[in-house]
Trainee: 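First the structure, which I've put down as structure tokens, then a few questions once you've had a look.
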Amino acid sequence: MHLALGALFFSFFCAGYFFAAFLYNPIAAYHRWLTVGFILPALIHLGQFLARYPGHANPKVNKNLTIGMYVVAAIGISYFYYVTLSSPRKYHFTAHHWDFNAEKASSIIAVLIGLFVLISFLIIPIYRMTKTKGRIRFAIGGFMGALLAGGVVPALTNILSRDGWIERSTYLTSIVLLMTLGIFLILVIFLNFSEEKTTFMVKIVGITFVTLMLIMQALVFISNQDKESEYDTKSIVNMARALEGGKQIPEMQYIVQWEGGSKNVDYSRYDNQYDLRLPQLEIDFKNTIIFEHMKLLAEEGFRNSAKKTLKDTHEYFSGYRAAILKFLDDHPNLEGKELKTKLFDHLNTLNTAVFVTSNKLDYIFPKDFCVDGRNYLKGVGNKGVIPFKEHLLQKWKEKDGACTFDEKDLLIGHLKAEVLLYFRPFQPALYRHYRKSLDEHQHFVTYIHYDVKKDVVSEVGYSYRKYREFMHPTAAKQTLILGLVLVVVFFIFPLFFRQSLITPLNRLLSGVEKVNLGALDVEVKVDLKDEIGFLSDSFNNMVTSIRKARGELQDYAEHLATKVRERTRELSEKMEELQRLKVQQDGDYFLTSLLAKPLFYNANKSPKVSTDFILRQKKKFEFKGKHADLGGDLCVTGNLRLGKENDYKRYTFAMNGDAMGKSMQGAGGSLVMGVVVNSILARSAANDRVMDTTPSEFLTDIYKEMQSVFKSFNGSMVISGTFIIIEDETGKFWYFNAEHPFSVMYRDGRAGFLETGLTLRKIGLDSEYEFKVHSGRLEPGDVLIIGSDGKDDLDLTPEKEVRTINEDEMLFLQMVEKGEGNLERIEEEILKVGELTDDLSLLRLEYSPVASPERNGKDDEISDPFDWKFIYKKAKEDYMGGRLSEALGALEGLYKSDPQNTKVTKLLGLLSFKGKNYGKAVEVLNKYLGSDPDLVEYWYYLSLANRRIGRMDEAILAAKRMEELQPDNSMNLINLSDLYRQTEQFDLALEYAHLALEKDPEDENAQKLVRLIERDRKASL
């Protein structure tokens, strides 16, 4: 009973800290009423557990001791309640909770706790050990060790944390972790030594519960530390961005800067309503600059340089200055790197001592500070603080309860504030600081930044409430998980183990006993198919096998030869049947491959658009000595004449497709697709037919006809594919992509994707996207590479048992560039990287029109440099008239003659982007934006162009530049979000997608992007 009461009161004690952690309000200081009100009773009952274990040996003594300790506890608790009822409240930043500013009352309670720990955890068990023998003595000794481990260390950390030697959070962590560990050890010892009746279920539930509590505490501690580090990193990055002129996030409350020397601190971005202790802030600035200057001193001659740096330091640095000079004088033999390292190690220790002294002085009320503060300082014996003490006592004079400081009479409160300025921290930049307003109700998390080049120190203050909001979701989830663990352990575990462990084990043990007695007709009932169920099944099978073996042994002995002949005959028949089936299957494969081969035909005869393809089907087989392959990939090319009979143009048609499914299913889809496409081409080009239609209409008709054919299969046969038509004369092309891998444009040695996203579902499926024919233009020498997903689905580790499939869609771009657009070389590059896991097909189209007549004997050169205005005007007219290729040719000639002409670069950059020459667009846009960086839309074009050629980092930089100029541009926010998604920076991607939705909640692109981000995030885990 006493062990249970002790654990119960301790849980109420912990609930007080739980309440304090979650409530950010001065009223949360009353959590101390819970912690103080329950910790002393908890200690009393844990002591009584030791006094009464295993039997109640001294009932009268134990009763009197309990009553006496309760009386003392009641007096102490009542005194604490009385004092704190009217005490002011303060906020512990290191523990992140409110508390009463009643250090004297807290010290008395701390003494009582120490006394109760001594009595309950040391005196009582030692006395009991002298009165007991054997196993009981060892058990009591174990209980004592467990309680000391859980009680002494937290008591010490409580005292140290209140003085500032360690963080308050360390005390809270130690008390929960170590007391949980203590209860765990007590439970283990109790279950192993107790003479009381226990059950297997109690042991499982009890040990499981406490073990999970220990694990949860450790995981929570690690998780919170990681979350704190994440907050620091995020805040420091945002601070650096803001100080460099970037966006200031809403959490930033103020920015204060000081350029050093005699210049005033810049408070232009500080609101006076925050009511901070600004003198402390200014001293922190000065101390930080001194620290950073000393850190930057060269190791050679460090001693003299340090003394020179300290010479001109400010008045409030006097204590540190004296302490550092004393250290240098006390270590005359140290020099260079060793001296510098030792000095900074000494400064770490000195900072801790100064922090403790500062806390002690800060606890003294202003009205008592004159006498009590001076008396405390006089009694300080820490060697590091002595230089501070000596300097301050020379200025701080006291007579008859009145004090002067530096021969000045200071008001109550001003003296304390003046003295505490000498004890401000001496730390490098980027340390986390906490600041609060004079009325203690406004709190800030701050970081000091030091700019080495400019010698400027800045402080950025973040909302402390936002910091708590950042940390609280994790804590809330941890609390929810803890609650679920409690429910599972206390309610579900017993039910589960009773049905799945205890009862099945008893049945199995009973069956084993019967078999040992020779009974082979035993069968253990199996309710659940778990490990014990498997064991019971195995036991039943074993008994059955033994029973059958006895009968079969005699039967085999009598009929062995006959049975061998029967089994041999059955095996031969099965092998013959298997061989017949394989021959039949290979015949089906071979017939299908013969039907498909004529459909994969490169029928293009255009002199200006060359086509070529390779086809490597994955399935290989042999039929009657003939080797063949089979798969679902398909390539078809041909020529068309579209327009009027007397006014038509020649076009080149090409398609690359992939039928879904393996072996025969994929081959069947490929066969149907090949028949339909070749049929369409045959009737469209037969007898030199000129079709009165446009390329866009022709592709639309193809899609509709293909869709009607494959929809008839009710989803059992679908294909992906890219269908394209190129105008032989101009290089303009039209295409649609039905969920096929992106096409690759190879231009000027660089490869980039033609598509930017999914626009159509596979043929044979309903598509949520509206069908649309896309268009573009090929420049002379441009190469298009279209391929199936076999080029991407490579096994990167074919030599290992576990396959590693390539997931980098950008890898194929590198292969195209290495292969210089040549199919054979691209295939070689693919096979160098990994092993094919699927069918591979690659279709190559190159636009090579007859070269235009030379102008003035030299290509792309203008004979008269002064006629550029005429050529520029003509280029604009060509562009407005839809003759983009002619406009680009003229502008490129002007650009080569005069690359500094901003008018030319501005128009050429735009037209290169519209003409999908993204490499050229990046070059020209970069040049133009160097002279006119405020043209917002051109930063957007530059970002998109970089993205199309796979330069993601440059694309992000351009988009961020546009964000600085126009932060509310929805298209740019969506572009940034998608860039971060493709570079797997999912948090940033989600942030920008939500920003776009804030501008327009109905934006379908932003909504779709959020879904893609969530999908890709899950896939990356």
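Everything numeric here is computed off the predicted structure, so don't read it as measured data. Worth knowing before you read on, the calculation uses all heavy atoms, side chains too, and leaves out hydrogens, waters and symmetry mates.
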Trainee: Between K326 and D330 (salt bridge meaning N to carboxylate O under 4.0 Å), is one present in this structure?
Mentor: yes
Trainee: Quick one: ring-ring contact (aromatic ring centres under 6.0 Å, His included) partners of Y267, sequence neighbours excluded?
Mentor: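 Y267 satisfies ring-ring contact (aromatic ring centres under 6.0 Å, His included) with Y270 once adjacent residues are dropped.
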Trainee: One thing to verify: whether K454 and E259 come together as a salt bridge, which I'm taking to mean a side-chain N less than 4.0 angstrom from a carboxylate O.
Mentor: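 Looking at K454 together with E259, the answer is no, because their closest N to O distance does not fall below 4.0 Å.
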Trainee: Does a side-chain N-to-carboxylate-O contact under 4.0 Å join R1017 and E984?
Mentor: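 The answer is no: the pair does not qualify as a salt bridge.
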Trainee: Not counting sequence neighbours, which residues clear salt bridge (Lys or Arg N to Asp or Glu O under 4.0 Å) with E338? List them please.
Mentor: none
Trainee: Does the structure place the NZ or CZ of K227 under 6.0 Å from the centre of the six-membered ring of F470, at an angle of no more than 45° from the ring's axis?
Mentor: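 That pair qualifies as a cation-pi contact.
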Trainee: Apply the test side chain to side chain contact (heavy atoms under 4.5 Å, CB included) to residues R321 and L325: give CA-CA distance (whole Å), side-chain angles for both, the deciding distance (0.1 Å), then the verdict.
Mentor: CA-CA 6 Å; R321 180 172 59 240; L325 291 174; 4.0 Å; yes
Trainee: Is there a salt bridge (charged side-chain N to carboxylate O under 4.0 Å, His left out) between R303 and E335 once you walk through the steps?
Mentor: CA-CA 7 Å; R303 181 184 297 273; E335 289 296 339; 3.1 Å; yes
Trainee: Under 3.5 Å, side chain of S458 to main-chain N/O of Q257, donor-acceptor pair present?
Mentor: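 No.
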Trainee: How about NZ on K436, more than 12 heavy atoms from neighbouring residues, nucleotides or ligands closer than 6.0 Å, or not?
Mentor: yes
Trainee: Rounded to the nearest 0.5 Å, what separates atom CZ in F444 from atom CD in E459?
Mentor: 10.5 Å
Trainee: Please round to the nearest 0.5 Å and tell me the distance separating atom CG of N969 and atom CH2 of W939.
Mentor: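 N969 CG to W939 CH2: 15.0 Å, rounded to 0.5 Å.
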Trainee: Is any NZ, NE, NH1 or NH2 atom of the basic residue among E407 and K395 found under 4.0 Å from an Asp or Glu carboxylate oxygen of the other?
Mentor: no
